[in-house]
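Accompanying notes for the structure given below.
All of these numbers come straight from a predicted model, not from anything done at the bench.
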Amino acid sequence: MNMGLIAVQFAVALVLLGGAAAVGFAIARQRYTRQNESWIAVLSGEAAKLRRRAKVAEDRARAAENALTRERRKARR
């Protein structure tokens, strides 16, 4: 009788431990997914910032090239 009670208590403890492990795993996975999503958002924001900087630099280069072309045309006249 005493051994049966111990076995039942052990089984209940294992079930509760397994449930706690499953809940902990689910919470950790959700937190990791959220962190991963926020990191992707940060990286995409950085990529957008770099694209804007590249576009600004390209516009400046084009403006300088156009100014140089205007000066050359003026010099030819």
- Task: Show the numbers, then the answer: is there a side-chain contact (heavy atoms from CB on, under 4.5 Å) between R70 and R73?
- Result: CA-CA 5 Å; R70 280 193 300 273; R73 285 182 185 158; 5.5 Å; no

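A salt bridge links E46 with K49: the distance from a Lys NZ or Arg NE/NH1/NH2 to an Asp or Glu carboxylate oxygen falls below 4.0 Å.
Among K55, R62, R60, the one residue that satisfies the side-chain contact (heavy atoms from CB on, under 4.5 Å) test with E58 is R62.
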